[in-house]
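Lettering of chains follows the sequences in order, A, B, ..., and the numbering in each one begins at 1. All of these numbers come straight from a predicted model, not from anything done at the bench. Below, all heavy atoms of this structure are taken into account, side chains as well, without hydrogens, waters or symmetry copies.
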Amino acid sequence: MVKVKVLSRNPDHYQRETKNDIFKVPVRNGGKEDPLRHAVEYTRALNAAKLERVFAKPFIGSFDGHNEGVSVLAKHPLRLGYLFSGARDGQVKIWRLSNRKCLSTTQAHAGPVNGISVDGVSGELFATIGQDAQLKHWNLAENIVQDLGEPAHSVPLSYVPHSISHLYDSTDFVVSGEGISYWKLHRDTPVRTYDLGPNTVHSVRSSPVEATIVAGCASDRSVFLLDTRQKYPVHRIVMSLRPNNICWNPIEAYNFVAASDDYNLYGFDMRNMSAASNVYGDHTAAVMDVDFAPTGKEFVSGSIDRSVRIFRTNGTRSREIYTAPRMQEVFSVSWSQDNKFVMSGSNEMNIRLWKVNASEKMGSLRPREKQAFEYNDKLKKQYSHHPGVGRILRHRQIPKAIKHAADEHRVIQNKQKRKEKNLRANRKKDIPFTPFKEKVVVKEGITD
Amino acid sequence: MGKEDVKRLRHIKKAPKPVKKLGKAALTDAPTVYAKRGQNAVKKEIDEAQILKNIHGHAGDAVVLRAKAAEKINPNRARDVVTKAKLKTHKKRIAEGIAKTAEAELLNTEEAGYLKTDDGSLTYNVKQAEITSSIDLATATRSFSLDLEHGPYRFDYGINGRELILGGRRGHIGVFDWMTKDLLLEKDLLESVKDVSFLHVSTLFAAAQRRWVHLYDEQGIELHCMKQFNEPKLLQFLPRHLLLSVATGTGYLHYLDITSGKIVNSFRMKEHGNPGAISLNQSNGVLLSGGHHGQVTMWTPNAKEPLVSIKAHTSSITGLTVDHLGNYFASSGSDGLVKLFDIRTYKQLSSYKVRGRVSCLDLSQRHNLALGIGQHVQVFQHVNRTSGLQKPYLSHFVGGDVRQVQFCAHEDVLGIGHERGFASILVPGSGDPDMAGLLHNPFESKAQRREREVKMLLDKIQPNMIALDPSTINRVRKAPEKVIDVKPAYEPKPDPTWALLHRFKRR
């Protein structure tokens, strides 16, 4: 007699019972690894990289309607779906982002709108400043009317204001033009003014974390740091070229990025301003505006070279470049507070809406879809340093003008490096190595 | 490899001695191996101790492999605190994963088969009739035999192991579901058929006919005729790479990519041409072929010359089969010997002298070796152990000259193609009970088959990734050491006057 067991499988355990069930798939638990898993994983990573490039269609749409170049873009701190834009002809438009419709158009100023800032306490009031030396407060009801009509309050100023910024979670705000002035609501005169010299302060931004800290850029290539509780400015640095705009990192309270005229962006730590903490270079013309993501991990910059670039905060080169054939110089950029969209306002009267992740699928994803995307993201991340996969991930189509300009700049930089290297090799005295970050800050300190 | 096998092997210091049978004690020394890399032939004799290490190391056991990989991660070598913390959590996650993998083995529902005699007598004497009478009816139907007249039959089980294709030498093709005995196709090709093979789905198959290779549909419609393959003899389908390799009687080896229809590469096999047997190493996609001079050669579509050539037998090789984990292979030759070799060290593990001529052999997933000897089939159990090739496990008398034996994957079934038809016998304990359903699912429905086809195409491994070690794609390539020629600071110019001195020297 024999004791026998032969491997036999009951088909009922392996096949589904009804059409409405899901299919059963026998799984090999534990046990053996697939010996070809390395090659399979590499193939999947390669496919994921290729698919990402195939589906990279970041441009969603444009907001048509302005009659002049868009100079200012502003976000509503409490309402997610609204965008404020100010143009060079003094018009202020309020847009709804979800259907890209213009909710309201107001002739706010007689000249270009220089700044818009929304009150973060109630969200029902916003302030605009214009080249006509006016500071106007407007009411913003729950249902926005077609034309806001007359401002709630209008203050004539003795100078041309260039920038306005509300303090975090406060109705107070700072206006800059000739120096920086600190205002409270319903007042006709500023509470305090800071005299920063004869140069125009063309940009001022208040920190979203440290509510009383304010940073500003002046025409003499300097960056000012102020504390609104104090009477005098806290700190000042002078850079080699003029910084056009500043944005504070919403998560790291002490860091901010300055968009400079010398085609770079510089990250600074306000506690130590003797050198830049980071240099972000990829633009080929002056960078006009910068805005941070709400996560603080990335930021977007717009420049005169007709491109919008997205950088990682801890990187040095851009992660993404967005261009359009009809997009001219970009003067203002904005990163939406749901961390999905980037808006750019440019010289040809258009505001464009882009995706932050170019190949992201918008809308709600089904669970398996989401799982597949997450797996692909992880594969791409894991194999990003592999030459075959990395090459595909890094590839972007760059317009000819930018490419030629970048090549030219590279030639110039290489020549400078080569000259310095030769000097160092042939001089008797040792030339000290100064990293570029330190060369950025030319002077430090308030007194000249 | 079970854990007890591994433990046993650890106690063995030397390589197992070959068992001497009647006849010449031919080739008991370690065969010298000529590993060719392109043009240069290097003679290698590998250290014995590596065998154990290799078997243990490449066990394929998930737990062992992952534990080894985790050992290599050393957080203390990190340069900064952040990376160090990241490596520590990474290592911890791997350890958690290993623990879960080991626990998850409980979830496997099926158990492997076995055969035990009550009174301790030899299992060799147990006949199929006795086995089938001791099991349930449904499983007993898996043992059957078909009496067909159209020449010696070659067959293929396909990826799924559900459908079976038979090809008789006189042109008889039959495709049927061998579990339910459901006939899907029967066709007379009016031409001699040397070999048949399913492609990635059972609805497509290739037949190596008298002059060319033909591709057919499930309805028997001829889809393609590959006239580039003259006189095809043997077909082998590479399922993960979706390549069909054809060994021809004119001495060529072709690789055909079935997704694009293009020939990836063709090689002149020269002295290794017209092989008696070919076999696929499933763990890396390398094709082994046994030639007429007793050489086992390993081919990839990337190299014109074989990567490795092992002199296994003194005469022509009749049968060749590779372990599905890619650790060892078995070969049989006209000299009547069956030998086991380790794939990585190319060292002979054991040999067995057979009475009669072995015409074919096959290894099962649980290391059972089936030999086709004349009109009999002998099965040996657990050949990966030292006691493996000593006495047979089962024997079966087939009514005709055995031409091909093949185990069905994940089943305890051995298919035998012989001169008078086809037979299927039960060999308890030869199939791996756990199957990876996404790659191999005999119970798949039409929708599942379609999904599997798409996934296979997406995960298709390109032919240029076939290498002896499949993990090379993930290795970090070290930058080659730059050898800088240091020029001497001052090179003295030869003095011209003194250079002429040699003319004045006396000879």
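Of all heavy-atom pairs spanning A/Lys5 and B/Pro428, the tightest one is O-CB, 3.6 Å. Scanning all heavy atoms of the two residues, the minimum distance from A/Asn29 to B/Ala104 falls at CB-O, 3.2 Å. Among all heavy-atom pairs drawn from B/Met465 and A/Ala39, the shortest one is SD-CB, 4.0 Å. Shown here for A/Leu7 and B/Thr139, the closest heavy-atom pair between the two residues is O-CG2, 4.2 Å.
The candidate with the highest count of non-hydrogen atom pairs below 4.5 Å against chain A, out of B/Ala112, B/Ser283, B/Gly285, B/Gly113, is B/Ser283. The candidate from B/Gln462, B/Arg142, B/Lys116 with the greatest count of non-hydrogen atom pairs under 4.5 Å with chain A is B/Lys116. Per-residue heavy-atom pair counts under 4.5 Å with chain A were compared for B/Met435, B/Glu444, B/Met179, B/Glu103, and the maximum is reached by B/Met435. Listed options B/Ser134, B/Pro442, B/Pro433, B/Gly431 were ranked by heavy-atom pairs under 4.5 angstrom with chain A; first place goes to B/Pro433. Interface summary for chain A: among B/Ile131, B/Asp118, B/Thr472, the most heavy-atom pairs under 4.5 angstrom belong to B/Asp118.
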Next on the checklist: Does A/Val40 form a side chain to side chain contact (heavy atoms under 4.5 Å, CB included) with B/Arg240? I'd like the steps, not just the answer.
Outcome noted: CA-CA 9 Å; A/Val40 168; B/Arg240 308 295 292 279; 3.4 Å; yes
Next on the checklist: side chain to side chain contact (heavy atoms under 4.5 Å, CB included) for A/Val25 and B/Leu438? Distances and angles first, verdict last.
Outcome noted: CA-CA 7 Å; A/Val25 177; B/Leu438 292 169; 4.1 Å; yes
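Atom CZ of A/Phe55 sits in a sparse spot, with 12 or fewer heavy atoms from other residues, nucleotides or ligands closer than 6.0 Å. The environment of A/Lys417 atom NZ is sparse: at most 12 non-hydrogen atoms of other residues, nucleotides or ligands sit within 6.0 angstrom. The 12-atom threshold is exceeded at CZ of A/Arg396, counting heavy atoms of other residues, nucleotides or ligands nearer than 6.0 Å. A/Asp430 CG: 12 or fewer foreign heavy atoms inside a 6.0 Å radius. For NZ of A/Lys439, the number of neighbouring non-hydrogen atoms (other residues, nucleotides, ligands) closer than 6.0 Å is greater than 12. For A/Leu423, the CG atom counts as densely surrounded, since its 6.0 Å shell holds more than 12 non-hydrogen atoms of other residues, nucleotides or ligands.
Heavy atoms of B/Ser445 lying under 4.5 Å from chain A belong exclusively to its side chain. Interface residue B/Ala436: backbone and side-chain heavy atoms are both found under 4.5 Å from chain A. When heavy atoms are compared at a cutoff of 4.5 Å, B/Lys100 does not approach chain A at all. Heavy atoms of B/Gln282 lying under 4.5 Å from chain A belong exclusively to its backbone. Both the backbone and the side chain of B/Glu411 come within less than 4.5 Å of a heavy atom of chain A. Contact of B/Leu426 with chain A is made through the side chain alone, with heavy-atom distances under 4.5 Å.
Taking 4.5 Å as the limit, every side-chain heavy atom of B/Asp459 sits out of range of all side-chain heavy atoms of A/Thr43. Looking only at side-chain heavy atoms (C-beta outward), B/Leu325 and A/Pro35 stay at 4.5 Å or farther from each other. Side-chain contact between B/Glu130 and A/Val4 is absent, with no heavy atoms from C-beta onward closer than 4.5 Å.
In this structure, the separation between OG1 on B/Thr101 and CD on A/Glu33 is 7.5 Å, given to the nearest 0.5 Å.
Identified by a heavy-atom distance below 4.5 Å to chain B, the contributing residues of residues 9-23 of chain A are A/Arg9, A/Pro11, A/Tyr14, A/Gln15, A/Phe23, in residue-number order.
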